[in-house]
Q: 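The structure that follows is given in the form of C-alpha cells.
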Amino acid sequence: MVDKKRAEAAVRELIAAMGEDAEREGLKETPARVARMLEELTAGYADSAKEHLSKTFEEGGSALVIERDIAFSSTCEHHLMPFFGHVHIAYVPCGRVAGLSKLARTVDVFARRLQLQERMNAEIADAIFEHLAPKGVAVVVDAEHTCMTARGVKKIGSSTVTYAVRGEMDPAAVAMLLAYAGEKK
C-alpha cells in the first residue's frame, strides 16, 4: 500500500528539484496523480499467484498447454521507468489445468511490482510450477525497456528476451516459444 501523503510530498519535492513550480496550474494536481499511479503500478504486492492458480480443472488429455501474447507492463526498479511486452507460457499438465485467465492474472501479480525482467520471468515460472504442479513449465518474456529506448543509449526498437524452464519440458516446446517471441518483432 502506497503512503499517498508521503508520495505526494516527495513528488512536490521532485518537481521543485527540476526547477518547476508545483503550485502552477498544470502541476498542481500532479503529486496526487502520481501517488495514485504508484498505487496502481505496485498493486501486485497485494495480490497472490496462489489465489489465481488454485482454481483448476481435471484434464487428462492435454500433453501441452500454451498461452501466448499475454501483454504486460511493469516498472523497472533501477530507473522507475516502464517496460512492457508479452509473456508466453507453456506447461505440461499433470492431470489438472488452470483457467487461461488465471495465467494472465499470474503475470499481472508479478508485473505490477518494481521489477527486473529476469526476476519477473523466474517468479512466473516458479508460481506456475509450485501451484499447478505440472510436469514442466517454460515461460518466455519479450519486453521493451524504456530505460533503454527513451533515455541512456536510446536504442529504439531493442527488446530483451528471457526464459525460464522448470521441471521436464520438451526442448522443442521451449525452442518454439523462443522462436515465436522472435517472430513478434
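Positions are given from 1 along the sequence.
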Q: Distance check, rounded to the nearest 0.5 Å: E67 atom CD versus L103 atom CG?
A: 5.0 Å
Q: Kindly indicate whether the side chain of D47, heavy atoms from C-beta on, has any atom under 4.5 Å from the side chain of D108.
A: no
Q: For E39, enumerate each residue passing the salt bridge (Lys or Arg N to Asp or Glu O under 4.0 Å) test, keeping only those at least two apart in sequence or located in another chain.
A: K4
Q: Q117 side chain to T160 main-chain N or O, any donor-acceptor pair under 3.5 Å?
A: yes
Q: L14: which other cluster members, linking ILVMFWY side chains closer than 4.5 Å, directly or transitively?
A: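 V2, V11, I15, M18, L27, V34, M37, L38, L41, listed by chain and number.
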Q: As an exercise, state the distance from OG of S158 to CD of E144, rounded to the nearest 0.5 Å.
A: 6.5 Å
Q: Go through the structure and list residues passing ring-ring contact (aromatic ring centres under 6.0 Å, His included) with F110, not counting sequence neighbours.
A: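 Not a single residue meets the ring-ring contact (aromatic ring centres under 6.0 Å, His included) criterion with F110.
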Q: I'd like to know if the side chain of H52 and the backbone of R105 have a donor-acceptor N/O pair within less than 3.5 Å.
A: no
Q: Only counting residues at least two apart or in another chain, list the ones meeting salt bridge (Lys or Arg N to Asp or Glu O under 4.0 Å) with R12.
A: E8
Q: So, do E59 and P93 sit near enough that their side-chain heavy atoms are less than 4.5 Å apart?
A: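 In short, these two side chains do not touch, never coming nearer than 4.5 Å.
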Q: Only pairs at least two apart or in different chains count here, so list each ring-ring contact (aromatic ring centres under 6.0 Å, His included) that has a residue in residues 117-156.
A: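 Listed once each, the pairs are F83-H145.
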Q: Side-chain donor-acceptor contacts of residues 163-177 below 3.5 Å, not counting sequence neighbours, with atom names and distances?
A:
unit_1 : atom_1 : unit_2 : atom_2 : d
R166   : NE     : D126   : OD1    : 2.5
R166   : NH2    : D126   : OD1    : 3.2
D170   : OD1    : A172   : N      : 2.9

Q: Any chance you could pull the hydrophobic cluster mates of M148, using side-chain heavy atoms under 4.5 angstrom and chaining through other members?
A: V153
Q: Can you find a pair of side-chain heavy atoms, one from V87 and one from I89, that are under 4.5 Å apart?
A: yes
Q: Are K155 and T149 side-chain neighbours, meaning at least one heavy-atom pair lies under 4.5 Å?
A: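 Side chain of K155 against side chain of T149, heavy atoms only: no contact under 4.5 Å found.
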Q: Ignoring hydrogens, what is the shortest heavy-atom contact between R33 and G26? Give both atom names and the distance.
A: NH1-O, 4.4 Å
Q: State whether the side chain of T75 and the backbone N or O of P82 hold a donor-acceptor pair below 3.5 Å, judged by distance alone.
A: no
Q: Give the minimum heavy-atom separation between A98 and L53, together with the two atoms involved.
A: CB-CD2, 4.3 Å
Q: List the steps and the verdict of side-chain contact (heavy atoms from CB on, under 4.5 Å) for R96 and L132.
A: CA-CA 7 Å; R96 305 219 34 102; L132 289 185; over 6 Å; no
Q: On a heavy-atom basis, which atom in T146 and which in M81 lie closest, and how many Å separate them?
A: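 In this case the closest contact between T146 and M81 is OG1-CB, 3.4 Å.
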Q: Could you pull out the closest heavy-atom pair between P134 and V92, with the gap in Å?
A: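 Of all heavy-atom pairs spanning P134 and V92, the closest is CB-O, 3.1 Å.
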Q: Answer yes or no: is there a donor N or O on one side and an acceptor on the other, between the side chain of R24 and the main chain of E20, under 3.5 Å?
A: no
Q: Side-chain contact test, heavy atoms from C-beta onward, threshold under 4.5 Å: evaluate it for T42 versus R113 and give yes or no.
A: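 No, their side chains stay 4.5 Å or more apart.
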Q: Just do the side-chain contact (heavy atoms from CB on, under 4.5 Å) check on V141 and V161 with the steps written out, would you?
A: CA-CA 6 Å; V141 179; V161 177; over 6 Å; no
Q: Within a reach of under 6.0 Å around CZ of R6, are more than 12 heavy atoms found that belong to other residues, nucleotides or ligands?
A: no
Q: Has the side chain of R112 got a donor or acceptor atom that lies under 3.5 Å from a matching backbone atom of A43?
A: no
Q: Test side-chain contact (heavy atoms from CB on, under 4.5 Å) on K55 and K102 and set out the steps.
A: CA-CA 8 Å; K55 176 74 171 165; K102 305 310 182 194; 4.3 Å; yes
Q: Could you please spell out the steps behind the side-chain contact (heavy atoms from CB on, under 4.5 Å) verdict for T162 and V140?
A: CA-CA 6 Å; T162 56; V140 175; over 6 Å; no
Q: Examine R68 relative to Y180 and say whether NZ or CZ is less than 6.0 Å from the centre of the six-membered ring and inside a 45° cone about the ring axis.
A: yes
Q: Hey, could you give me each pair passing ring-ring contact (aromatic ring centres under 6.0 Å, His included) that has a residue in residues 20-51? Not counting sequence neighbours.
A: none
Q: Output all residues satisfying side chain to side chain contact (heavy atoms under 4.5 Å, CB included) with A111, sequence neighbours left out; order by chain, then residue number.
A: F72, S74, M120
Q: Return yes if some donor-acceptor pair links the side-chain N/O of N121 with the main-chain N/O of V139 below 3.5 Å, else return no.
A: yes
Q: Checking S48 now: which residues fulfil side chain to side chain contact (heavy atoms under 4.5 Å, CB included) with it, not counting sequence neighbours?
A: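 Scan of S48 (side chain to side chain contact (heavy atoms under 4.5 Å, CB included), adjacent residues dropped) gives K50, E51.
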Q: State which residues pass salt bridge (Lys or Arg N to Asp or Glu O under 4.0 Å) with R36; sequence neighbours excluded, sorted by chain then number.
A: none
Q: List the residues meeting salt bridge (Lys or Arg N to Asp or Glu O under 4.0 Å) with R151, not counting sequence neighbours, and say none if there are none.
A: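 R151 satisfies salt bridge (Lys or Arg N to Asp or Glu O under 4.0 Å) with no other residue.
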Q: Identify the two heavy atoms, one from I66 and one from A90, that lie closest to each other, and give their separation to 0.1 Å.
A: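 That closest heavy-atom pairing would be CG1-CB, 3.8 Å.
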Q: Determine the minimum heavy-atom distance between T106 and A127, stating which atoms define it.
A: CG2-CB, 4.3 Å
